[in-house]
Amino acid sequence: MTDFYIVYLFTDGSGKHSVDFNDIEVIPGHLLFMIQGQVHHFDPLETYDGANHCFYGRLFLQI
């Protein structure tokens with residue numbers, strides 16, 4: 001379970017990423033936003049790649 005927010009940008013390959021025990025199909029160009037408290041899982045057999053950015057909610061209080 002996360003205690004921060006995550007934004008994933010999938011850049012290569014395809015597959016499934018599990019969020020809160022639900023599989024989500026991902027392909028290049030997809031963005032995935034996760035909020036605090038969600039559970040997620042990367043399947044090591046999937047062939048996708050990408051980048052992520054993690055941040056805490058207090059970031060929004062500073063904007």
Side-chain angles (χ1 to χ4, degrees):
M1 182 170 5
T2 62
D3 62 347
F4 46 85
Y5 297 87
I6 305 173
V7 178
Y8 287 104
L9 170 60
F10 296 95
T11 59
D12 190 39
S14 63
K16 294 178 182 174
H17 184 79
S18 178
V19 178
D20 289 339
F21 308 102
N22 295 304
D23 288 339
I24 298 171
E25 294 284 337
V26 296
I27 60 172
H30 276 187
L31 284 172
L32 174 62
F33 297 91
M34 293 183 52
I35 62 172
Q36 295 171 319
Q38 287 189 297
V39 177
H40 70 111
H41 170 74
F42 287 99
D43 184 339
L45 300 178
E46 294 290 355
T47 60
Y48 52 79
D49 197 7
N52 67 52
H53 181 73
C54 304
F55 52 94
Y56 290 95
R58 64 180 172 263
L59 173 71
F60 294 113
L61 299 175
Q62 297 173 357
I63 297 176

Next on the checklist: side-chain contact (heavy atoms from CB on, under 4.5 Å), that's the test. Do Y5 and M34 meet it? Break it down for me.
Outcome noted: CA-CA 6 Å; Y5 297 87; M34 293 183 52; over 6 Å; no
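- Across all their heavy atoms, S18 and D23 have their closest contact at CB-OD1, 3.7 Å.
- Of all heavy-atom pairs spanning V19 and Q38, the tightest one is CG1-NE2, 3.6 Å.
- Within the model, atoms CZ of F21 and NE2 of H41 stand 10.5 Å from one another, a figure rounded to the nearest 0.5 Å.
- The main-chain N or O of L45 is found under 3.5 Å from a side-chain atom of D43 such that the two form a donor-acceptor pair.
- Summarising the geometry, atom CD1 belonging to I6 is positioned 9.5 Å from atom CZ belonging to F55; distances are rounded to the nearest 0.5 Å.
- Taking the six-membered ring for Trp and the full ring otherwise, the centers of Y48 and Y8 sit at least 6.0 Å from each other.
- Rounded to the nearest 0.5 Å, atoms CG (D49) and CG (L9) are 10.0 Å apart.
- Heavy atoms only, all atoms of each residue included: T11 and G50 are closest at OG1-CA, 3.4 Å.
- Heavy atoms only, all atoms of each residue included: P28 and G13 are closest at CD-O, 2.9 Å.
- For F10 against I27, the heavy-atom pair with the smallest separation is CB-O, 3.6 Å.
- The CZ atom of F4 lies 13.0 Å from the CD1 atom of I35; values are rounded to the nearest 0.5 Å.
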Item to check | Evaluation steps, side-chain contact (heavy atoms from CB on, under 4.5 Å), between H40 and H17 | outcome: CA-CA 7 Å; H40 70 111; H17 184 79; 3.3 Å; yes
